[in-house]
Amino acid sequence: MREMKIERIELANTGDYPIGPAKPVIAGPCSAETEEQVMATATALQRMGVAAFRAGIWKPRTRPGCFEGVGAAGLAWMRRVQRELGLPVIIEVGNARHVEQALAAGVDMVWLGARTTANPFAVQDIADALKGTDIPVFVKNPINADLELWIGALERLNLNGINRLAAVLRGFSSYEKTLYRNPPQWQIAIELRRRVPGLPLFCDPSHICGRRDLVPSVCHQAMDLAFDGLMIECHNKPEDAWSDAAQQVSPAELEALLSTLDVRSNIPAGDLFNRYRSRIDQVDAAIVNLLAERMDISRDMGQIKREQGVLVLQSDRYNNILSTLEASGAAKGLSAEFLRKIFETIHAESIAQQLDRSE
Ligand code: PEP
Ligand code: MN
């Protein structure tokens, strides 16, 4: 695959925030509901100096029977926001028809939602409908934790000449109930940054959190992880919102939040950093040696199991290992979830080594 060609998206806050103009904040309601709600929210946001106004016109709802958006009627309200308030606007497109209507209405930017990014047919249709235009396109992560699918969607757009691209981390759905509605899994966005350097990374704390009280802490984390901007759901009366009511913040709450965000800008330097870094490098090298040793032992064990007709998978033994390690890890301040993840991976690799009969 050729390298992606990425161009800058000109987007800046005009408000006086500690995060400055260079970390654009896109804000607005989950859904455009009425002309009054759109104008009231956008007026407050424009006064506050955010970079752009978002609203969903067509809403991809998980179950039928929920509010599915006002549809094309909302496009005229977005035009009013552009014309009367001078704010750039961005809406979600989920298919080629949405793109045609959005382009005809002159929206400034579009985003692909998490359910759309997960569907290559839909992404290709959208990319084809956008061909020949050069509006900025924001691509949310797919609902499932699949980086290739996310990159694939960006590539489909890029191959059709869309160069002003940005990625938006909105978290990944999980079957288990967790603190977050969609746990962020920051490491996936960090890996995206490594794989596609130069691609702006935005964070959508609203869909990650699912509840407004958690939104500030996720915004702080995103800033500390060098995200380039935020997309936050903001409604003039959040508790009355027709969709995602629990996670939207009011304009006043957003303003308070933005005044507490700041950007760490110091370049790591000096002895202290170098000392810590070299200790980490040593520990990482030791971990690699230990893993190699463990896999050597596993392969030898596999040989013995084969010779003695013993099953590769010994579930009781595995459960014992896990509970012993979780107990000793807890005493050292390591979370059970963290240890379980690591040892599930190590165990899976050990099993794979024991199944390998190629030697
Ligand atoms: C939204 O932004 O309102 C939305 C539907 O987002 P997502 O695709 O991230 O669920
Ligand atoms: Mn929403």
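Heads up: numbering here begins at 1 and tracks the sequence. Note that these values count all heavy atoms, side chains included, but never hydrogens, waters or copies made by symmetry. Just follow the structure's listing: the first ligand is 1, and inside any ligand the first atom is 1.
For D244, the N/O/S atom at the shortest distance from the Mn ion (ligand 2) is named OD2. The closest approach of E233 to the Mn ion (ligand 2), by N/O/S atoms, is made by OE2.
One finds a salt bridge joining R299 and D296 here, because a Lys/Arg side-chain nitrogen approaches an Asp/Glu carboxylate oxygen to under 4.0 Å. Between K59 and E33 no salt bridge is recorded (no basic side-chain N to carboxylate O distance below 4.0 Å). Taking a cutoff of 4.0 Å between a charged side-chain nitrogen and a carboxylate oxygen, R54 and E233 qualify as a salt bridge. With respect to R193 and D228, a salt bridge is recorded, a charged nitrogen being found less than 4.0 Å from a carboxylate O.
The nearest heavy-atom contact from the protein to atom 3 (O) of ligand 1 is K59 NZ, 2.8 Å. Of the protein's non-hydrogen atoms, the one nearest atom 10 (O) of ligand 1 is R170 NH2, 2.8 Å. Atom 4 (C) of ligand 1 has its closest protein heavy atom at H207 NE2, 3.5 Å. Of all protein heavy atoms, the one closest to atom 6 (O) of ligand 1 is K140 NZ, 2.9 Å. Shortest contact from atom 5 (C) of ligand 1 to any protein heavy atom: E92 OE1, 3.7 Å. Here the protein heavy atom with the shortest distance to atom 8 (O) of ligand 1 is A114 N, 2.8 Å.
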Pair V99-D125, side chain to side chain contact (heavy atoms under 4.5 Å, CB included): steps then yes or no: CA-CA 9 Å; V99 173; D125 284 349; over 6 Å; no
Pair L165-L199, side chain to side chain contact (heavy atoms under 4.5 Å, CB included): steps then yes or no: CA-CA 7 Å; L165 286 167; L199 175 71; 3.9 Å; yes
Verdict with supporting geometry, E191 and R194, side chain to side chain contact (heavy atoms under 4.5 Å, CB included): CA-CA 5 Å; E191 178 62 8; R194 196 186 67 77; 2.7 Å; yes
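Remark: the backbone N or O of R97 is paired with a side-chain donor or acceptor of N95 at under 3.5 angstrom.
Listed by number with element, the atoms of ligand 1 under 4.0 angstrom from any heavy atom of W111 are 1 (C), 2 (O). Taking every non-hydrogen atom of G113 and a distance limit under 4.0 Å, the qualifying atoms of ligand 1 come out as 8 (O). Atoms of ligand 1 found under 4.0 Å from any heavy atom of C30, numbered from 1 in the order shown, are 3 (O).
Of the options F138, F227, W111, a ring-ring contact (aromatic ring centres under 6.0 Å, His included) to F202 is made by F138 and by none of the others.
Between R54 and ligand 1 there is a heavy-atom distance shorter than 4.0 Å.
Close N/O approach between E233 and ligand 1 is found [any backbone or side-chain N/O within under 3.5 Å].
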